[in-house]
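Read the structure below first, then the notes.
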Protein chains: 2
Amino acid sequence: MDIVEVSKVLSNKIRVNILDWLKDMEANFPPQTNVPDFNNGVCVCHIQDKTGLSQSTVSHYLTMMHKVDLVTATRIGKWTYYKRNEETIGAYINLLKYNL
Amino acid sequence: MDIVEVSKVLSNKIRVNILDWLKDMEANFPPQTNVPDFNNGVCVCHIQDKTGLSQSTVSHYLTMMHKVDLVTATRIGKWTYYKRNEETIGAYINLLKYNL
DNA sequence: TTAACAAATCGAAATATATCGATATTTAAT
DNA sequence: ATTAAATATCGATATATTTCGATTTGTTAA
């Protein structure tokens, strides 16, 4: 894990917001329709709705968040569900604690 | 303090390096000549030497690090000494812990 | 097997960051 | 006062990021 690469992801308000919204998916997103629960996360379209950005931009954001492993991605049918990867998030904070 | 603004500062390898070098100033910089010790930090010229970047770039980097308070700046005579602001650094890590 | 939908990728334009050399400012020494 | 040194600021160019619409890819349903 690299402080610079993760910081790049975190240096954008919307991406930080997405991480924040994903902390409480039930509260921040409409109920799931194609899967029974939020266990795999939230689909791109719901995240897109909340950001107000274009589909391609949000997909790009989520891809870069996934590349540094801050979120996991699960494809189910036509949908891709994203959720926080608490392990990486915690590891990053720990990295800062000892290396920043 | 703002996650996005601090992350912008941290999304550059040299700036992260500077913070790291300042963790052990005695080990990473030549001995002081115009002040008795490292209590106020390291002067811009020594940091510049270590980065290999231009004076203006390093000054700019240090200014932006100072703007988000990751470092303190102390002018003594012709020199400006920079050092880590552990309070802000700790506060930032704490902020991430509870808000990321 | 086609049509339709969700998501990812591509290509382009706008904006921001990185980086330099030149200039300005501040302070100290002559 | 003048000069010189250290740092800060300015202006410009190169590179990177943001963001979009269009296209492509993967998947399901008709």
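By convention in this document, chain letters (A, B, ...) are assigned in the order of the sequence lines, proteins followed by strands, and residues within each chain are numbered from 1.
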Starting at [atom1] of [X] and ending at [atom2] of [N], how long is that distance when rounded to a whole Å?
| X | N | atom1 | atom2 | value |
| --- | --- | --- | --- | --- |
| B/His60 | C/dA24 | NE2 | C1' | 17 Å |
| B/Leu62 | C/dA18 | CG | C1' | 15 Å |
| A/Leu10 | D/dT17 | CG | P | 14 Å |
| B/Lys13 | D/dT15 | NZ | P | 21 Å |
| B/Gln48 | D/dA8 | CD | C1' | 13 Å |
| B/Ile76 | C/dT26 | CD1 | C1' | 15 Å |
| A/Tyr81 | D/dT27 | OH | P | 14 Å |
| A/Lys8 | D/dT18 | NZ | C1' | 14 Å |

Verify the contact: side-chain N or O of [X] to OP1 or OP2 of [N], cut-off strictly under 4.0 Å; return yes or no.
| X | N | answer |
| --- | --- | --- |
| A/Lys78 | C/dA4 | no |
| A/Thr57 | D/dC20 | yes |
| A/Asn12 | D/dT17 | no |
| A/Arg15 | D/dT18 | yes |

Q | Shortest non-hydrogen separation from B/Ala91 to B/Met1 and the atoms involved | A |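 For B/Ala91 and B/Met1, the tightest heavy-atom pair comes out as CB-CE, 3.5 Å.
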
Q: Over all heavy atoms of both residues, which pair between B/Trp21 and B/Asn28 is shortest? Give the atoms and the distance, please.
A: O-ND2, 3.0 Å

Residue [X], side-chain heavy atoms: nucleotide from [options] that is nearest:
| X | options | value |
| --- | --- | --- |
| A/Arg75 | C/dT9, D/dT7, C/dA6 | C/dA6 |
| B/Ser59 | D/dT27, D/dT7, C/dT9 | D/dT7 |
| B/Ser56 | C/dC20, C/dA7, D/dA8 | C/dC20 |

Q | Residue among B/Asn85, B/Val68, B/Leu10 satisfying side-chain contact (heavy atoms from CB on, under 4.5 Å) with B/Tyr92 | A |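 Running side-chain contact (heavy atoms from CB on, under 4.5 Å) over B/Asn85, B/Val68, B/Leu10 with B/Tyr92 returns exactly one hit, B/Leu10.
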
Q. Taking B/Leu22 as the fixed residue, which of B/Asn17, B/Val42, B/Leu70 is the one that meets the side-chain contact (heavy atoms from CB on, under 4.5 Å) rule?
A.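 Considering B/Asn17, B/Val42, B/Leu70, a side-chain contact (heavy atoms from CB on, under 4.5 Å) with B/Leu22 is found only for B/Val42.
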
Which part of the nucleic acid, if any, lies within contact of [X], taking any heavy atom under 4.0 Å across all strands shown: a base, the sugar-phosphate backbone alone, or nothing?
| X | answer |
| --- | --- |
| B/Leu53 | sugar-phosphate |
| B/Thr80 | sugar-phosphate |
| A/Tyr82 | sugar-phosphate |

Q) Taking side chain as C-beta onward, heavy atoms only, is B/Trp79 less than 4.5 Å from B/Asn34? A) yes

Q) With hydrophobic residues grouped by side-chain heavy-atom distances under 4.5 Å, do A/Leu96 and B/Val4 end up in a single group? A) yes

Q | Any donor-acceptor N/O pair under 3.5 Å between C/dG21 base and B/Ser54 side chain | A | no

Q: Check if the side chain of B/Gln55 and the base of D/dA6 share a donor-acceptor pair of N or O atoms closer than 3.5 Å.
A: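 Between D/dA6 and B/Gln55, which were checked side chain against base, a qualifying N/O pair under 3.5 Å is absent.
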
Q: For A/Ile14 and for A/Trp79, locate the closest nucleotide of DNA chain D by heavy-atom distance; then report the residue assigned to the nucleotide nearer the 5' terminus.
A: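 The residue mapped nearer the 5' terminus is A/Ile14.
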
Q. DNA chain D: A/Ser11 or B/Thr63, which has the more 5' nearest nucleotide?
A.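 Per heavy-atom nearest nucleotide, the more 5' residue is B/Thr63.
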
